[in-house]
A.B. asks: 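I'd like to ask some things about the structure below.
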Amino acid sequence: MRGRLFWKILLGFWLTFIIMTQALWVTFTFYGNRHQSPETSIARRMVNLQMTSAASVLQSGGMPALNAMVADWSPDERRFFTVTPVAQPPTEEPVENAEAGRLPPKVVKWVMGADNQGYVLSYDLEGLRQEHRPAKRWRFLNIPDPFLWVGALGGLLFSAVLAWNLTRPMRQLRAGFERVALGDLAVRLFPAMRRRHDELSEVARDFDTMVERLELLVSAREQLLHDVSHELRSPLARLQLAIGLGRQNPDNVENSLQRIEHEAGRLDKMIGELLTLSRAESNCLPDEEYFDLYGLVDAVVNDARYEAQIPGVEIVLQASSGVEYTVKGNAELMRRAVENIIRNALRFSGHGQRVMVELTCVDQRLQIEVRDQGPGVEESKLSSIFDPFVRVKSALSGKGYGLGLAIARKVVLAHGGQVEAHNGEQGGLVIRLRVPRWVA
Ligand SMILES: Nc1ncnc2c1ncn2[C@@H]1O[C@H](COP(=O)(O)OP(=O)(O)OP(=O)(O)O)[C@@H](O)[C@H]1O
Ligand SMILES: [Mg+2]
């Protein structure tokens with residue numbers, strides 16, 4: 001059983017078709033009757049001819065001559081012709097109905113015969129007509145059969161094709177939505193509807209885009225979950241190992257406890273970072289909170305400078321003066337983002353090297369650029385360093401979980417900004433982040 005839309009379209013268009021055929025027929029008959037049909041004028045002439053000759057024969061030869069002439073007529077013609085003797089001529093001459101296109105029911109003529117007797121000649125045209133055109137039967141909607149067939153069958157065919165053509169993609173769309181609702185994200189509709197080239201195929205394309213996006217989101221979530229459980233495993237394994245060692249060797253319990261403390265701290269840090277990562281969604285941003293980006297970066301740089309004393313790295317902060325550095329959003333999240341980037345730069349810098357932090361305003365956006373003189377990142381891996389748990393293998397990348405830049409990117413995106421990384425011209429990595437400046 002097809003859906004209701006199918007029947008609506010089918011019946012709607014079919015009815016329209018039939019009504020149109022009937023309307024056309026009515027119009028056609030109105031126009032058609034204006035003209036006299038050839039049969040009518042031929043019949044009129046024939047009757048006039050017979051009446052005139054009958055009248056003149058009657059006038060000149062009287063009844064016997066007329067009878068002789070009529071005897072020559074075929075019995076068919078004789079049937080409708082009558083002669084009646086009358087005493088007096090009728091006061092009113094019967095007039096032939098001259099209305100165009102229609103034959104009068106009767107043609108009547110008064111004649112004075114040769115025997116001085118008056119006669120009325122009459123020709124029964126109605127009878128003649130009845131003989132040649134049988135009385136009309138009552139018909140459905142007064143449409144002649146061919147019209148009815150063309151209207152009904154043609155209309156039915158047309159509306160069925162139309163209804164099928166419109167409802168088929170609807171059913172395909174519906175099936176697609178059902179499959180997505182059941183969790184099947186591999187469904188694509190555009191290939192099947194590509195050839196329509198209409199709005200419905202555009203709907204199919206949008207549907208495909210939506211499903212692709214959903215698939216991406218779902219697989220990113222799954223990947224993250226997988227990575228998280230994988231990353232949690234190694235510290236947990238080391239914890240268990242330390243406990244086992246402590247049990248085996250009571251003399252070395254202190255050593256094992258230290259290891260346990262260390263691993264627990266790592267786990268705590270990682271879970272904290274994961275929480276930050278999941279909190280940094282735009283819908284978790286406060287409604288009315290503003291902060292001064294310059295103050296924030298300055299504080300982070302000061303903290304980093306303290307740590308930088310040991311490796312002997314110089315951190316330089318440059319900011320264009322006379323700019324309002326107000327940003328709307330969450331200061332704590334933004335601080336973590338900036339801190340992660342500056343700490344990375346610090347970690348990849350060696351003794352005597354310098355980390356540049358530059359704060360500028362580029363077309364209503366505030367830009368922070370962090371540049372170091374370290375080894376940089378291989379070009380092919382540049383785009384992936386912002387993904388969670390991605391660590392590029394190098395001597396210096398040891399302790400982290402690869403969550404720092406993922407947090408930074410999420411925070412910046414949540415604030416309506418962008419972040420990108422490229423290798424500097426004189427080596428080292430450049431991370432550039434932009435957030436919109438708040439304007440009252
Ligand atoms: N300034 C840099 N110079 C060279 N490589 C870098 C730099 N910053 C990041 N990377 C590379 O990008 C990877 C991802 O960085 P990210 O900050 O996300 O992780 P992490 O620093 O290794 O760990 P976490 O920040 O979670 O402690 C790093 O492992 C490193 O290989
Ligand atoms: Mg990091």
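Note that ligands are numbered from 1 as they come in the structure, with each ligand's atoms numbered from 1 the same way. Not measured: the values here are computed from a predicted model.
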A.B. asks: Heavy atom of K269 under 4.0 Å from ligand 1?
C.D. replies: yes

A.B. asks: Do the ring centers of F81 and W73 come within less than 6.0 Å of each other?
C.D. replies: yes

A.B. asks: Is there a heavy atom in R347 that sits closer than 4.0 Å to ligand 1?
C.D. replies: yes

A.B. asks: Distance to the ring centre below 6.0 angstrom and angle to the axis at most 45 degrees; does that hold for R205 and F190?
C.D. replies: yes

A.B. asks: Counting from 1, what ligand 1 atoms have a heavy atom of A345 closer than 4.0 Å?
C.D. replies: 1 (N)

A.B. asks: Which ligand 1 atoms does V377 reach within 4.0 Å, using its non-hydrogen atoms?
C.D. replies: 4 (C), 5 (N), 6 (C)

A.B. asks: Heavy-atom contacts with I385 under 4.0 Å: which atoms of ligand 1 show up? List them by number with element.
C.D. replies: 12 (O), 14 (C), 18 (O)

A.B. asks: Distance under 4.0 Å to a non-hydrogen atom of E273: what atoms of ligand 1 satisfy this?
C.D. replies: 26 (O)

A.B. asks: Would you please say whether a donor-acceptor pair under 3.5 Å links the side chains of E289 and N330?
C.D. replies: no

A.B. asks: Under 4.0 Å from a heavy atom of L405: give me the atoms of ligand 1 that qualify, with their elements.
C.D. replies: 9 (C), 15 (O), 16 (P), 17 (O), 18 (O)

A.B. asks: Give me the ring orientation class for Y290 and W438: parallel if the planes are under 30° apart, tilted from 30 to 60°, perpendicular past 60°.
C.D. replies: tilted

A.B. asks: Show the atoms of ligand 1 that are less than 4.0 angstrom away from any heavy atom in V390.
C.D. replies: 13 (C), 14 (C)

A.B. asks: Are side-chain N/O atoms of T82 and S122 paired as donor and acceptor at under 3.5 Å?
C.D. replies: yes

A.B. asks: Checking the N or O distance criterion of under 3.5 Å, is ligand 1 in contact with D372?
C.D. replies: yes

A.B. asks: Do any nitrogen or oxygen atoms of Y401 come within less than 3.5 Å of a nitrogen or oxygen of ligand 1?
C.D. replies: yes

A.B. asks: Do F17 and F158 have their ring centres less than 6.0 Å from each other?
C.D. replies: yes

A.B. asks: Near V392, which atoms of ligand 1 are under 4.0 Å from a heavy atom of that residue?
C.D. replies: 29 (O), 31 (O)

A.B. asks: Assess the side chains of N48 and R45: does a donor N or O sit below 3.5 Å from an acceptor N or O?
C.D. replies: no

A.B. asks: Checking side-chain polar atoms at under 3.5 Å, does R434 have a donor or acceptor matched by the opposite partner on Q418?
C.D. replies: no

A.B. asks: Regarding R391 and E231, does a basic nitrogen lie under 4.0 Å from an acidic carboxylate oxygen?
C.D. replies: yes

A.B. asks: State the atoms of ligand 1, each with its element, that fall below the 4.0 Å cut-off from a heavy-atom position in G376.
C.D. replies: 4 (C)

A.B. asks: Do any N/O atoms on G402 end up under 3.5 angstrom from N/O atoms on ligand 1?
C.D. replies: yes

A.B. asks: Is the distance from the Mg ion (ligand 2) to some N, O or S atom of N344 under 2.8 Å?
C.D. replies: yes

A.B. asks: State whether the shortest distance between N or O atoms of L403 and N or O atoms of ligand 1 falls below 3.5 angstrom.
C.D. replies: yes

A.B. asks: For E378 and K381: C-alpha separation, side-chain torsions, deciding distance, then whether salt bridge (Lys or Arg N to Asp or Glu O under 4.0 Å) applies.
C.D. replies: CA-CA 5 Å; E378 243 180 86; K381 304 216 166 106; 3.6 Å; yes

